[in-house]
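Naming: A, B, ... by sequence-line order, numbering from 1 per chain.
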There are 2 protein chains.
Amino acid sequence: MSDLLERLRGRGWRMTAQRRVVAEVLNGEHVHLTADEVHARAVAKLPEISRATVYNTLGELVTLGEVLEVSTDKRAKRYDPNAHRPHHHLVCARCGAIRDVHPTGNPLADLPDSERFGFTVSDVEMTYRGLCPNCASA
Amino acid sequence: MSDLLERLRGRGWRMTAQRRVVAEVLNGEHVHLTADEVHARAVAKLPEISRATVYNTLGELVTLGEVLEVSTDKRAKRYDPNAHRPHHHLVCARCGAIRDVHPTGNPLADLPDSERFGFTVSDVEMTYRGLCPNCASA
DNA sequence: GCTTGACTTAGACAAAGTCCATTGTAGGAT
DNA sequence: ATCCTACAATGGACTTTGTCTAAGTCAAGC
């Protein structure tokens with residue numbers, strides 16, 4: 001976590017209380033929070049932080065590649081602090097719980113040229129859907 | 001297209017002018033429209049149709065499995081009338097163009113049990129990202 | 001300890017979608 | 001053919017998620 005702050009400082013980031021708090025929230029719990037949840041947790045640590053700042057900071061972290069935006073749920077973007085190991089997601093269709101997963105195989109190779117329509121394909125994002133143990137038993 | 005209307009009627013759907021128009025819009029163009037675009041096209045055919053009705057009808061079509069919700073873009077849901085042949089999506093990172101694609105392989109089999117966390121996994125959604133020929137040459 | 005430009009703030013604004021009370025109507029019953 | 005009624009549509013207020021702006025604040029270099 002302090003390494004994250006180090007990296008950011010190394011990139012010429014001006015370190016402010018607000019940015020530190022946002023970075024701490026993301027590093028603290030390895031879950032996938034929405035911007036609003038990040039804001040709520042940030043407010044708990046620094047009451048006067050504003051919504052705009054949280055949005056700005058999240059946006060900067062995404063630009064810097066320190067955090068990923070995930071949109072498994074169609075309501076709000078979620079932020080994934082685990083940006084350094086590529087991975088996909090497994091989402092509970094009922095409660096929305098998200099886990100990081102690492103499928104085998106190379107999905108990029110599974111898209112034949114004839115299915116590329118001239119696109120330069122650079123990335124795949126896979127979202128597995130199902131029911132988590134809790135929701136399945138309910 | 002009339003088969004869509006037939007199927008719906010067969011399922012006890014009450015057929016109204018509004019629903020017919022929405023179904024026609026979706027069947028007419030095999031592109032991925034946002035709810036607002038559907039609404040705009042529906043208004044062209046039936047000026048007094050309301051936004052809420054379009055949203056309701058789209059939601060019902062999704063529930064009935066006649067149409068898929070796609071959220072490749074994080075702004076708005078898009079609706080994919082091609083619900084009967086399973087497929088994935090290829091999205092241009094710059095202009096947002098979407099194509100349906102059919103990768104080879106079975107991505108569900110690529111998720112080992114150890115990566116399922118007790119979930120009952122039923123579905124995968126793959127989004128390939130890249131640049132379309134137009135945007136790549138620009 | 002100043003200065004300065006980057007950062008933060010609050011609140012207005014915007015886009016996408018939902019809710020609800022009221023009005024309308026499809027389709028079965030008569 | 002007409003009537004009934006449950007289901008559907010309407011429109012406008014509301015909510016959620018996110019962006020923008022003008023003015024104030026402060027981290028860091030000197």
**Q** Between B/R20 (CZ) and C/dT25 (P), how many Å, whole number?
**A** 14 Å
**Q** DNA chain C: B/A35 or B/A17, which has the more 5' nearest nucleotide?
**A**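 Nearer the 5' end of the strand: B/A35.
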**Q** Which nucleotide, C/dC7, C/dA26, D/dG18, lies nearest any side-chain atom of A/A76?
**A**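 So the side chain of A/A76 is nearest to D/dG18.
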**Q** For residues A/I98 and A/R78, determine if any side-chain heavy atom of one lies less than 4.5 Å from a side-chain heavy atom of the other.
**A**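 A/I98 reaches A/R78 side chain to side chain.
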**Q** In whole angstrom, give the distance that lies between atom CZ of B/R11 and atom P of C/dA26.
**A**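 Rounding to the nearest Å, CZ of B/R11 and P of C/dA26 are 22 Å apart.
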**Q** Between C/dA10, C/dA16, C/dA26, spot the one nearest the side chain of A/A52, thanks.
**A**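 The closest nucleotide is C/dA10.
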**Q** With distance as the sole criterion, do the side chain of A/R14 and the base of D/dC26 form a donor-acceptor contact below 3.5 Å?
**A** yes
**Q** How many Å lie between CG on B/L64 and P on D/dA8, as a whole number?
**A** 11 Å
**Q** Are any of the side-chain nitrogens in A/R41 or A/E24 under 4.0 Å away from the carboxylate oxygens of its partner?
**A** no
**Q** Which one, D/dG18, D/dA28, C/dT9, comes nearest to the side chain of A/K77?
**A**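 It is D/dG18.
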**Q** Is there a donor on the side chain of B/R51 or the base of D/dG11 sitting less than 3.5 Å from an acceptor on the other?
**A**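 Answer no: no donor N or O sits under 3.5 Å from an acceptor.
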**Q** Please confirm whether the shortest side-chain N or O distance from A/S50 to OP1 or OP2 of C/dT9 is below 4.0 Å.
**A** yes
**Q** Please tell me if A/T53 has a side-chain N or O lying less than 4.0 Å from either OP1 or OP2 of C/dT9.
**A** yes
**Q** Side chain of B/E48 only, heavy atoms from C-beta on: which candidate in D/dT10, C/dA16, D/dA28 is closest?
**A** D/dT10
**Q** I want to confirm an ordering. Mapping A/L46 and B/W13 to their closest nucleotides on DNA chain C, which one lands closer to the 5' end?
**A** A/L46
**Q** Using OP1 and OP2 only, check whether a side-chain N or O of A/Y55 sits under 4.0 Å from D/dT19.
**A** no
**Q** Do A/W13 and A/L61 come within less than 4.5 Å of each other through their side chains, counting heavy atoms only?
**A**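 Yes - at least one pair of side-chain heavy atoms lies under 4.5 Å apart.
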**Q** Going only through I, L, V, M, F, W and Y residues with side-chain contacts under 4.5 Å, is there a path from A/V124 to A/Y128?
**A** yes
**Q** So how far is it from B/R14 CZ to B/L8 CG, rounded to the nearest 0.5 Å?
**A** 15.0 Å
**Q** Figure out the CG/P separation between B/L58 and D/dA8, and round it to whole Å.
**A**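 My rounded result for the distance is 15 Å.
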**Q** Check this one for me: any side-chain N or O of A/T16 less than 4.0 Å away from OP1 or OP2 of D/dA27?
**A** no
**Q** Think B/Q18 has a side-chain N or O under 4.0 angstrom from the OP1 or OP2 of D/dT10?
**A** yes
**Q** Return the value, rounded to whole Å, for the distance between atom CE of A/M15 and atom P of C/dA6.
**A** 16 Å
